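Both counts, for ligands and for their atoms, begin at 1 and track the order of listing. No hydrogens, no waters, no symmetry mates; every other heavy atom, side chains included, goes into these values. Note that the structure is predicted; figures quoted are calculated from it, not measured.
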Amino acid sequence: MIAAQIQRLTEELPKKVTLVAVSKTKPVAALEEAYHAGHRDFGENKVQELCQKAEVLPTDIRWHMIGHLQRNKVKYIAPFVHLIHGVDSERLLAEINKQGAKNNRTIDVLLQLHIAEENSKFGFSYDEAEALFSSENTYPNVRIIGLMGMASFTDNEAQVKEEFETLSRFYRKWNVKKALTTLSMGMSNDYKAAIAKGSNMVRLGSLIFGHRN
Ligand SMILES: *Cc1c(COP(=O)(O)O)cnc(C)c1O
């Protein structure tokens with residue numbers, strides 16, 4: 001079932017789109033099934049769970065931290081995390097930079113933009129991201145390689161498309177100047193709209209692993 005979904009999605013998705021299999025709350029056996037189907041990019045939203053899974057699973061897995069990240073937990077994932085999607089403040093950026101330096105590496109991150117109407121979702125406003133991109137980069141151990149956004153949780157497709165379009169436009173405004181490569185948008189219920197608007201990284205959980213409790 002999981003392997004079949006991975007295969008189906010790999011065939012369906014355009015070549016330029018990276019599939020992050022969102023395995024939060026799922027047991028190690030579920031990740032192993034995806035791994036044996038050839039999948040290597042996994043997303044988790046809790047540091048402790050990510051670390052526990054990384055400890056027992058193969059080391060060639062690329063771990064994506066997709067959830068809200070507290071500054072005091074950066075140190076646990078800094079030695080090995082592949083990409084941090086949810087960078088939503090400069091203080092977090094500064095902490096990732098500090099932990100990157102300690103681990104003698106440059107950590108790839110995405111700036112999370114607040115694109116949804118709900119105020120429960122984290123992220124920079126467009127004005128804040130604009131200010132950050134316009135300032136000198138003072139974080140040598142962090143590489144901002146792109147943007148991440150979560151659309152509103154609604155059946156209003158026009159609204160979701162518009163939120164993706166606005167993020168995509170902002171990405172295209174900066175991608176050349178800032179050498180951005182990654183636009184992470186799209187989840188199980190809206191990834192097609194996201195790809196149509198230019199996403200090249202989708203984060204799919206329930207579509208691959210089934211519903212979470
Ligand atoms: C849980 C989660 C996903 C995956 O959600 P599905 O609807 O199961 O595909 C994607 N992105 C983030 C940030 C998440 O927390």
Side-chain angles (χ1 to χ4, degrees), residues 1-10 12-13 17-27 30-31 33-34 37 39-54 61-70 73-74 77 81-89 92 96 108-124 129 144-157 159-161 163-164 167-168 171 182-213:
M1 174 63 188
I2 292 169
Q5 279 300 74
I6 293 274
Q7 255 157 33
R8 189 183 69 70
L9 283 162
T10 308
E12 175 195 320
L13 296 174
V17 176
T18 300
L19 170 60
V20 177
V22 176
S23 47
K24 61 189 186 194
T25 78
K26 298 295 172 181
L31 285 79
E33 187 176 343
H39 203 72
R40 294 295 180 271
D41 289 276
F42 291 89
E44 292 283 340
N45 72 340
K46 295 217 164 68
V47 165
Q48 192 182 5
E49 188 176 347
L50 192 160
C51 290
Q52 283 169 352
K53 286 172 174 170
I61 286 178
R62 294 182 288 270
W63 292 102
H64 296 248
M65 176 63 203
I66 63 168
H68 179 64
L69 177 57
Q70 287 172 298
K73 295 194 173 158
V74 175
I77 58 172
V81 69
H82 176 68
L83 180 62
I84 298 174
H85 291 231
V87 173
D88 57 4
S89 72
L92 178 57
I96 297 170
D108 286 345
V109 305
L110 306 177
L111 293 189
Q112 180 170 358
L113 272 284
H114 184 282
I115 67 170
E117 252 177 18
E118 296 107 75
N119 45 26
S120 61
K121 284 181 180 141
F122 295 99
F124 286 95
I144 299 171
I145 65 161
L147 306 175
M148 182 271 223
M150 288 166 82
S152 296
F153 187 71
T154 171
D155 341 324
N156 184 343
E157 283 180 36
Q159 184 184 343
V160 168
K161 281 182 184 163
E163 290 169 358
F164 285 151
L167 180 57
S168 188
Y171 177 78
T182 306
L183 179 55
S184 169
M185 56 182 201
M187 305 173 33
S188 291
N189 59 342
D190 58 18
Y191 73 101
K192 287 181 182 168
I195 291 170
K197 294 298 182 187
S199 167
N200 61 15
M201 183 173 278
V202 292
R203 310 175 310 272
L204 307 185
S206 42
L207 198 59
I208 296 171
F209 296 106
H211 285 290
R212 291 177 298 272
N213 294 317

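When the heavy atoms of R203, M185, Q112 are ranked by distance to atom 10 (C) of ligand 1, first place goes to R203.
Annotation: E12, atom CD; neighbour count of heavy atoms from other residues, nucleotides and ligands within 6.0 Å is above 12.
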**Message:** Could you go through K197 and K161, starting from their C-alpha distance and side-chain angles, then the distance that decides it, and tell me whether this counts as side-chain contact (heavy atoms from CB on, under 4.5 Å)?
**Reply:** CA-CA 7 Å; K197 294 298 182 187; K161 281 182 184 163; 4.0 Å; yes
**Item:** side-chain contact (heavy atoms from CB on, under 4.5 Å) evaluation trace for H64 with R203
**Value:** CA-CA 10 Å; H64 296 248; R203 310 175 310 272; over 6 Å; no
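Proximity to G205 (heavy-atom distance under 4.0 Å) selects the following atoms of ligand 1: 4 (C), 6 (P), 8 (O), 9 (O). Within the listing of ligand 1, atoms 9 (O) sit less than 4.0 angstrom from a heavy atom of L204.
Protein heavy atom in closest approach to atom 14 (C) of ligand 1: K24 NZ, 3.0 Å. For atom 13 (C) of ligand 1, the closest heavy atom belonging to the protein is I66 O, 3.5 Å. Residue, atom and distance of the protein heavy atom nearest to atom 9 (O) of ligand 1 are S188 OG, 2.5 Å.
Summarising the geometry, atom CG belonging to D190 is positioned 3.5 Å from atom CZ belonging to F164; distances are rounded to the nearest 0.5 Å.
Ligand 1 has no N or O atom lying under 3.5 Å from any N or O atom of M187, backbone or side chain.
Taking a 4.0 Å cut-off on heavy atoms, N189 fails to register as neighbouring ligand 1. Within the 4.0 Å heavy-atom cutoff, R212 counts among the residues contacting ligand 1.
Partner of M201 under the side-chain contact (heavy atoms from CB on, under 4.5 Å) criterion, out of L19, L147, I195, L83: L83 alone. Between M65 and the options V109, L50, V87, V74, a side-chain contact (heavy atoms from CB on, under 4.5 Å) holds for only L50.
In this structure, F42 and W63 have tilted ring planes: the angle between them lies in the 30° to 60° band.
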